[in-house]
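Numbers restart at 1 for each chain; the letters A, B, ... are given by sequence-line order, proteins then strands.
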Amino acid sequence: MLTIRSFDTKAGDLFADGELPGFVHLYVGEEAVGVGACSALEENDYITSTHRGHGHCIAKGLDPNVMMAELYGKAGGYCNGKGGSMHIADVDAGMLGANGIVGAGPPLATGAALTSVLKGEDTVALAFFGDGAVAQGQVHEAINIAATWNLPAIFVVENNQYGEATPVEKQHNVQNLSETAEAYNIPGFTVDGMDITAVYEAVKEARKRAANGEGPTFIEAETYRYHGHFEGDQQPYRTKEDVDIWKDRDAIETFKGRLVEAGVITEDEFDEMKAEIDQQIDDAVVEAKEAPYPDPSEAYEDMYSATVPEISQFSSQMRADGGEDR
Amino acid sequence: MSTETSSGSGPAQTEEMTFREAIRLALREEMERDEDVFMMGEDVGKFGGVFEVTGDLVEDFGETRVRDTPISEAGFMGAAVGAAATGTRPVVEIMFADFIGVCSEQIINQMAKNRYMFGGKTEMPVTIRTTEGGGMGAASQHSGTLHTWFAHFPGVLAVAPGSPASAKGLLKSAIRSNDPVIVFENKMIYEQKGEVPLDEDFTIPIGQASVEREGEDVTVVATQRMVGESLELAEQLDGQTSVEVIDLQSLYPLDTDTLVESVKKTGRLVIADESPLSYGTHAEVATRVMENAFFSLDAPVQRVGVADVHIPFSPALEQEVLPDGSDVEAAINRIV
């Protein structure tokens, strides 16, 4: 959780300073959901993510240094600079991609769960998606298919109270989004997304059901994003007081309090850990800044596994021109 | 009927079969060859497919590998993308190409983009089979020829067979490809017969056109149903005009070399494809030839297709808009 908080806080600062190209969506405030859920998964399990995906990546074990390089659009980033913040993926690590399309992840998770059945594996697939995505048709289709085919899938809604700039109650006609699970005849729960153990326990149980062939589970985690939908969002849809109510229930502070109380760590140890992580993220920034950009000819690579003359003629032309801009 | 024919690589056994049977044979062979291959779509199982293409495959391969889906094109198309990214080789049937409108998000933003966006670190071996074309009074939402969209859109390979043999060979290549391939089948030629190689390793490389009939006076580059129409016409014109007929087979990538070589010989080009004429497949073929054989052209390139209208219902209207051999003949007459 601390790594995510540190990484995304830094990403926000860098974006504000004009350091990062494109745009970024930050996970600050929602850390307990990603970390609680991924902690309940096995290493070979799959996740699908969202446009707000940095937290999911880190929770699934991706390297913050390689992620930072990708945010900078550098060679050596997870996508060699082709994806950026919204498309970090590492299929080998079970991370099927952050996703710029709201609601596009759950069908992919249904497919990864289908692979598990087809190959007789014991993996499960978990889809993270937001409250806004619950209104998307393809999310309904994906859950219905997973439920009807009894696939080992877990659907985790991160209800951060706003779909872009519109409050959740203006987008849905149910009190709790988990009520929609009834329509698929699968278990649905709403848990406190600011409580990492609550999320962990719910996903652990869902994983057990999935692995036992009992089909998917729908989990709504109530959480909050401290930053705007995107960095630079002026947030006219809420007040500072609205945000403070949730910050008072901060997942990291709450969990730290419990650990200190239980004697697992001391305040000093926590501070030391935090400082270490902050330093690691600072180092990642330095490394990313120093890393080279991809060679321009890389723009013509990676489209297909096959060689396609329509594209290769451009890269050959670049070589003929000595790599100069044409 | 089985016959021995000779080809460049030695004798190859062929059998006469319909377009539909050739596709089913390809599916059967590939599912036998590779257990990661599976099929899904609406009514592809016990019902055998709405055009009876998948037939009895479910009986041989079971419901796990021949999956009937809910009517959820976006859902199962997305599931195919997720399944392919995690190590399987889905073959998805979209009953009518028009229904791609329902699931274009998963095709355009996920299937086509993932490999590139992820820096080449994932493979996307998805095959989509879908049906195009008018002629059965199915009206505008079940008759479209949309393949230009996907020949145009980066990240997808697109093929459109014009004979039973190319249907088999292209589908097998599609299933074996690690890239997403859409196979556009014209629904009016499922009954068309032709000799099909029985060799299980027979494939047609994606990106290769086929000269179906050699000629000297004019090149007709045709796709799908228009291949048969053009071959029939060429036969009729024999002794009068020598027509070379090329089955384009692959829309993307496009076999520029075969097209150019032919036009350098004939000096005249007619392009026959059932898609709408503007900004289309015809234009791409014409441009490739213009770029590479401009000084070989003796006459303006002619396009035969559908005017920019949808396919209407009434037989009187539908027959009006659909191209056939007579349109190709008229085009030839304009330039020869």
Practice task
Quick one: pull up CD1 in A/I88 and CE in B/M117 and give me the separation to the nearest 0.5 Å.
Solution key: 12.0 Å
Fill in the blank from the handout: With chain B, the option among A/A142, A/A299, A/A146, A/G100 that has the most non-hydrogen atom pairs under 4.5 Å is A/A299
Exercise for the section: Measure across A/P309 and B/P253 and return the closest heavy-atom pair with its distance rounded to 0.1 Å. Expected result: CD-CB, 4.2 Å
Handout entry: Interface moiety of B/L254 toward chain A, non-hydrogen atoms closer than 4.5 Å
Key = both
Exercise for the section: Tell me, out of B/P154, B/A85, B/G75, who's got the most heavy-atom pairs with chain A below 4.5 Å. Expected result: B/G75
Practice task
Heavy-atom distances under 4.5 Å only: say whether B/F118 touches chain A with side chain, backbone, both or neither.
Solution key: both
Practice task
Under 4.5 Å heavy-atom distance to chain B, tell me which part of A/L114 shows up: side chain, backbone, both or neither.
Solution key: side chain
Could you list each N or O donor-acceptor pair linking chain A to chain B at a distance under 3.5 Å?
unit_1: A/Y78; atom_1: O; unit_2: B/K121; atom_2: NZ; d: 2.5
unit_1: A/G83; atom_1: N; unit_2: B/M117; atom_2: O; d: 3.4
unit_1: A/N99; atom_1: OD1; unit_2: B/Q110; atom_2: NE2; d: 3.1
unit_1: A/N99; atom_1: ND2; unit_2: B/Q110; atom_2: OE1; d: 2.9
unit_1: A/A104; atom_1: O; unit_2: B/Q106; atom_2: NE2; d: 3.1
unit_1: A/P107; atom_1: O; unit_2: B/A79; atom_2: N; d: 3.4
unit_1: A/T115; atom_1: OG1; unit_2: B/A83; atom_2: O; d: 3.1
unit_1: A/T115; atom_1: OG1; unit_2: B/T86; atom_2: OG1; d: 2.7
unit_1: A/K119; atom_1: NZ; unit_2: B/D36; atom_2: OD1; d: 3.0
unit_1: A/K119; atom_1: NZ; unit_2: B/D36; atom_2: OD2; d: 3.4
unit_1: A/K119; atom_1: NZ; unit_2: B/G87; atom_2: O; d: 3.3
unit_1: A/Q138; atom_1: OE1; unit_2: B/Q106; atom_2: NE2; d: 2.8
unit_1: A/E141; atom_1: OE1; unit_2: B/A74; atom_2: N; d: 3.1
unit_1: A/E141; atom_1: OE1; unit_2: B/G75; atom_2: N; d: 2.6
unit_1: A/A299; atom_1: O; unit_2: B/Y116; atom_2: OH; d: 2.7
unit_1: A/D302; atom_1: O; unit_2: B/R115; atom_2: NH1; d: 3.0
unit_1: A/Y304; atom_1: O; unit_2: B/R115; atom_2: NH1; d: 3.2
unit_1: A/Y304; atom_1: OH; unit_2: B/G155; atom_2: N; d: 2.8
unit_1: A/Y304; atom_1: OH; unit_2: B/V156; atom_2: N; d: 3.3
unit_1: A/Y304; atom_1: OH; unit_2: B/V156; atom_2: O; d: 3.4
unit_1: A/S305; atom_1: N; unit_2: B/D179; atom_2: OD1; d: 2.6
unit_1: A/S305; atom_1: N; unit_2: B/D179; atom_2: OD2; d: 3.1
unit_1: A/A306; atom_1: N; unit_2: B/D179; atom_2: OD2; d: 2.9
unit_1: A/E310; atom_1: OE2; unit_2: B/L254; atom_2: N; d: 2.9
unit_1: A/E310; atom_1: OE2; unit_2: B/R288; atom_2: NH1; d: 3.0
unit_1: A/E310; atom_1: OE2; unit_2: B/R288; atom_2: NH2; d: 3.0

Exercise for the section: Return yes when atom CZ of B/F153 has more than 12 non-hydrogen atoms of other residues, nucleotides or ligands closer than 6.0 Å, and no otherwise. Expected result: yes
Handout entry: From CE (B/M40) to CD1 (A/I145), nearest 0.5 Å
Key = 7.5 Å
Handout entry: Winner by heavy-atom pair count (cut-off under 4.5 Å) against chain A, out of B/G87, B/G207, B/A112
Key = B/G87
Problem - Top of A/A89, A/G111, A/G137 for chain B proximity - count of heavy-atom pairs under 4.5 angstrom - result: A/G111
